[in-house]
2 protein chains.
Amino acid sequence: MTDINSGFNPLFLREEDIRQGIELLYFAYRDFTAEPDAILSEYGFGRAHHRVIYFVGRNPGINVSELLAILKITKQSLSRVLGQLVRESFIEQREGTRDRRQRLLELTKKGVELERRLSESQRQRFADAYRDAGAESVQGFRDVLTNMISKEDRDRVLGPRKIG
Amino acid sequence: MTDINSGFNPLFLREEDIRQGIELLYFAYRDFTAEPDAILSEYGFGRAHHRVIYFVGRNPGINVSELLAILKITKQSLSRVLGQLVRESFIEQREGTRDRRQRLLELTKKGVELERRLSESQRQRFADAYRDAGAESVQGFRDVLTNMISKEDRDRVLGPRKIG
DNA sequence: AATTTATGTCAGTCATATTGACATATATGC
DNA sequence: GCATATATGTCAATATGACTGACATAAATT
């Protein structure tokens, strides 16, 4: 096995490809979240708050059930985080019109500002990667990641959602 | 702003690209870790154990400091997880030869088996995504993710490491 | 009127991370 | 050889974000 990189052993190469893919995903995800995490800590928030702010911003008027379905966490877990965001006026709730039991969520002006600030750092990182890798690479990036996502979640990323 | 998808507003489209990238990364990472997480819970382990097993497997003979540098966690955090893995014979330690203070880590047979089992589920997911997206896409995937990783970590993923 | 649904809340637990302080053994520089 | 730096370990306290289980309320549905 001295010919590791010469293509004699495709099975080994495949294994190496996988390992590289795993590491790329691990490090990219970690670095991608590092800066938002730092911003959030200024507010005493964590990554969970970011996710709530993100998906409420992305789906204005979303109700609690649908938010839980996207995040795949329990209502007890969401409760504390969402409660904080509402109390500190990053998110506001209104009663559902068709169903008055629902709480429809949306970002306040303050919430929109924080969301912008958080995505800006990610936008920058993405834009840099986009520029350095080129448009074709970006399409490949999308295709591979999309295929890695379970069907259920895939619709969420790709499909034009109508919520609320 | 009725022409959202017609290309009149490149700034908006760029914004949409970013959002899609963010979501792809979020969902892909979550789904990618879901199956290993389930396997780990059989052993009473969590994702932290996976990371330790993974990087020790990838770098046999790694010492504690270098492992800490890769994981970017505190030694107190590592301690509990690594301690468990050592006590339960997934990882063994030997004294450094050049420096007897060092604990050089490697997987036991049992550890290698668990590592295999964990990566197998990820290998499968990656292989499926690879097949569906095609070889060119995989290269794009790699390029974009690589550019998203901070320089420091980039060497870790790409460079041939010699540790121990 | 009975049941289901949307949401909330109380209480306890767990995993993973943190900071700070201190301990020990070994290596290294003067 | 002594002083200092390094590699590692450990005790203690704390925070975040997740979990399960049980119970409560209001509104919608059948």
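Every chain is numbered from 1 and lettered A, B, ... according to where its sequence line falls, protein lines coming before strand lines.
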Run the salt-bridge test on Lys110(A) and Glu92(A) with the 4.0 Å N-O cut-off and return the result as yes or no.
-> no

From dA21(C), dA27(D), dT7(C), pick the nucleotide closest to the side chain of Arg100(A)?
-> dA27(D)

Distance, rounded to the nearest Å, where Leu68(A) contributes CG and dA18(D) contributes P = 11 Å

Whole angstrom value for the distance that separates P of dT7(C) from CD of Glu95(A) | 12 Å

Between Glu106(B) and Arg94(B), is there a salt bridge with N-O shorter than 4.0 Å?
-> yes

Whole Å only: how far is the CG atom of Asn63(B) from the P atom of dA25(C)?
-> 20 Å

Would one find a side-chain N or O of Thr74(B) under 4.0 angstrom from OP1 or OP2 of dT18(C)?
-> yes

To the nearest angstrom, how far is Arg80(A) atom CZ from dC19(D) atom C1'?
-> 12 Å

Atom-pair distance (CG on Leu104(A); C1' on dT7(C)), nearest Å | 12 Å

Any Lys/Arg nitrogen of Glu115(A) or Arg19(B) sitting under 4.0 Å from an Asp/Glu carboxylate oxygen of the other?
-> yes

Indicate yes or no: does Lys151(B) engage Asp31(A) in a salt bridge with an N to O separation below 4.0 Å.
-> no

N or O in side chain of Arg101(A) less than 4.0 angstrom from dA26(D) OP1/OP2 | no

To the nearest angstrom, how far is Leu78(A) atom CG from dA6(C) atom C1'?
-> 13 Å

Output yes when at least one side-chain N/O atom of Ser77(B) is less than 4.0 Å from OP1 or OP2 of dT18(C), else no.
-> yes

Looking only at heavy atoms, the pair that brings Glu23(B) and Val157(A) closest together is OE1-CA, 3.8 Å

Using a strict 4.0 Å threshold on nitrogen-to-oxygen distance, state whether Glu120(B) and Arg125(B) make a salt bridge.
-> no

Specify the residues of residues 32-55 of chain B, ordered by number, for which at least one heavy atom lies under 4.0 angstrom from an atom of DNA chain C.
-> Gly46(B), Arg47(B), Ala48(B), His49(B), Arg51(B)

Can a salt bridge be assigned to the pair Arg123(B) and Glu35(B) using a cut-off of 4.0 Å between side-chain N and carboxylate O?
-> no

Separation of Leu82(A) atom CG from dT9(C) atom C1', in whole Å?
-> 14 Å

Would you indicate what Ser65(A) reaches in the nucleic acid, counting non-hydrogen atoms under 4.0 angstrom: base, sugar-phosphate, or nothing?
-> sugar-phosphate

Distance in angstrom units between Lys75(B) NZ and dT10(D) C1', rounded = 9 Å

Does Val81(A) or Ser79(B) map to a spot on DNA chain D nearer the 5' end, using the closest nucleotide for each?
-> Ser79(B)

Is there a donor N/O on one and an acceptor N/O on the other, under 3.5 Å, for the side chain of Gln76(A) and the base of dG12(C)?
-> no

